[in-house]
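Following: one structure in structure tokens, then a few remarks.
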Amino acid sequence: MAQTFETVGVVGLGTMGAGIAEVFARAGLQVIGVEADDAALDRGRGHLDRSTGRAVTKGKLTEDDRSVILGRITLTTSREDLADADLVIEAIPEIMEFKRGLFADLDRICKPSAVLATNTSSLSVTAIAASTSRPGRVIGMHFFNPAPVMKLVEVVHTVVTDDGLAGDIAALARRLGKTPITAGDRAGFVVNRLLLGYLNHACALLESGLAGRDDIDAAMKLGVGLPMGPFTLLDLIGLDTSYEVCEVLFRETRDRRHAPAPVLRELVTAGLLGRKTGRGFYSDAEGAPAAEGDRRAASVSTVGIVGAGPEAAALVAALDGAGFKAVVAENSDLAPVGDADVIVALSDRPIVELAVRIPHPDRLAGLHLVGDDVAEVASTVLTSEETAGAVRDLMRILGRTPVMCGDRAEFVVNALLYAYLNDAVRMLESGYASAGDIDTGMRLGCGYPAGPLEMLDAIGLETVRDGLRALYAEYREPSFAPVPLLDQLVTAGVPSIREYAG
Ligand code: CAA
């Protein structure tokens with residue numbers, strides 16, 4: 001018979017634990033929140049007060065409902081108070097020794113039928129389960145930050161989990177208003193395995209000097225429609241957690257893409273953990289970036305465009321509308337643009353080959369228009385600062401957010417996006433997760449507008465495959481080489497990976 005859960009213990013009331021306690025209480029369950037000492041308990045109470053207070057301020061909750069919800073949560077520093085709980089979920093720091101100690105304790109304290117769950121994002125659920133005398137009753141129940149908002153719960157079963165338990169926990173997740181996906185106990189499960197590979201890649205691009213923090217964040221938020229750029233999200237997740245997840249992923253996959261970027265280690269060692277400490281990639285003390293004017297474009301009258309087709313025509317029209325003279329040249333004959341004040345080459349590939357064919361290579365920048373809002377502006381080693389600045393300002397005049405970057409394969413957006421899509425295909429190919437679970441995981445766990453396989457279908461398999469080939473040729477990073485499944489689908493002319501996956 002399916003197990004029911006009415007009283008739930010939450011151990012650890014940091015950002016995640018407090019959020020999880022709130023979610024259970026909102027769904028009508030009795031919650032026992034446990035912290036190590038009074039000071040930590042006060043901080044936990046503070047999280048709960050702020051989160052529900054915000055909902056009241058926003059008119060999403062009445063004061064009375066708030067009191068009812070908070071009234072369902074009992075706070076204590078004694079683990080012994082968990083003796084009658086039907087389920088205990090732990091959200092303490094990601095240190096295996098701590099978790100194993102806690103689970104051994106819970107095993108002693110809790111009634112035999114109780115389920116012991118971990119919210120770990122990086123550690124092995126199997127290893128945690130092995131510290132108890134009831135490994136069949138231990139399971140992963142992985143929430144996403146902020147827990148009251150993100151709709152996904154990953155239910156992680158091990159090889160020894162009792163039959164039916166994953167289904168009972170999935171049913172509980174639904175009762176909480178969440179959507180569960182079920183996964184086996186592999187590093188990073190579904191979402192973090194894909195997410196942290198991408199976030200770590202963003203760190204690597206930052207460290208390589210390809211583009212700056214704000215440019216990369218703007219590129220992914222505005223160019224792909226993600227709710228946050230990678231560095232804002234890393235700060236939200238916590239750089240310590242992010243580092244740990246990467247470390248565990250790397251240990252399992254030995255994929256260099258998962259080896260935590262040195263900048264993460266440096267920030268973590270310095271105690272700059274992101275939002276929870278007030279400073280990570282961003283700092284609370286930082287003001288909003290100053291609005292920049294269109295200074296440099298003032299010195300430009302003629303803009304050369306290397307390109308063809310509707311994109312070039314639309315750019316000519318837009319520049320014309322803004323009072324600039326646009327001249328166009330095709331790749332085969334660059335003479336018409338030779339003397340323009342600045343020259344932009346519409347391209348999603350490096351443009352330095354063009355630069356060496358024109359008389360003023362310092363005046364050339366690459367331009368990759370992403371959607372309706374973003375323009376990647378690529379400087380070669382020959383591009384002058386004046387040119388880069390002028391093109392940046394021209395893009396602002398045309399209503400696009402410029403993303404300044406180096407002249408490398410796939411620039412910023414596609415470099416990050418395609419590598420992430422390739423990882424998703426690799427996961428599908430390995431049989432670890434279904435196409436539906438992969439897409440649901442990223443949509444509901446991270447608030448993405450679409451899952452990676454949906455994105456892949458929308459962009460086109462061949463475009464992504466070719467982009468990955470270009471990335472691999474440029475960086476020689478093994479994990480950028482298109483996954484065989486992707487290559488084969490393109491070769492076989494299959495237009496949709498989701499249809500293929502059924
Ligand atoms: N607690 C409770 N509610 C919160 C909240 C919090 N910490 N932060 C935001 N909210 C609520 C707001 O009250 C608001 O609610 P309403 O719509 O009911 O008014 C809603 O969320 C939207 O918030 P905002 O308007 O303030 O801000 P936003 O539109 O920028 O959204 C966001 C904020 C929901 C966090 C959004 O940016 C987002 O989805 N970001 C992606 C977060 C993500 O990827 N999370 C997963 C990280 S990975 C992870 O957690 C797993 C791991 O193991 C590492």
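Note that ligands are numbered from 1 as they come in the structure, with each ligand's atoms numbered from 1 the same way. Computed from heavy atoms alone, side chains included, the values below leave out hydrogens, waters and symmetry copies.
Relative to the six-membered ring of Phe98, Arg100 misses at least one condition, a distance below 6.0 Å or an angle of at most 45° to the axis.
Sorted by chain and number, the residues within 4.0 Å of ligand 1 by heavy atom are Ser51, Arg54, Lys58, Lys60, Ser121, His142, Phe144, Asn145, Pro146, Pro148, Val149, Met150, Asn192, Leu195, Pro227, Met228, Leu233, Leu236, Ile237, Gly445, Cys446.
Between Ala21 and Val31, the shortest heavy-atom distance links the atoms O-CG2, 3.8 Å.
Residues Val403 and Phe411 fail the side-chain proximity criterion, which asks for heavy atoms closer than 4.5 Å. Between Asn145 and Met16, the closest side-chain pair of non-hydrogen atoms falls below 4.5 Å.
Between Lys276 and the choices Asp284, Asp235, Asp240, the salt bridge (Lys or Arg N to Asp or Glu O under 4.0 Å) rule is met once, by Asp240.
Look at Glu286 and Arg213 and you find a salt bridge, because one of the NZ, NE, NH1 or NH2 atoms lies within 4.0 Å of a carboxylate O, short of that distance.
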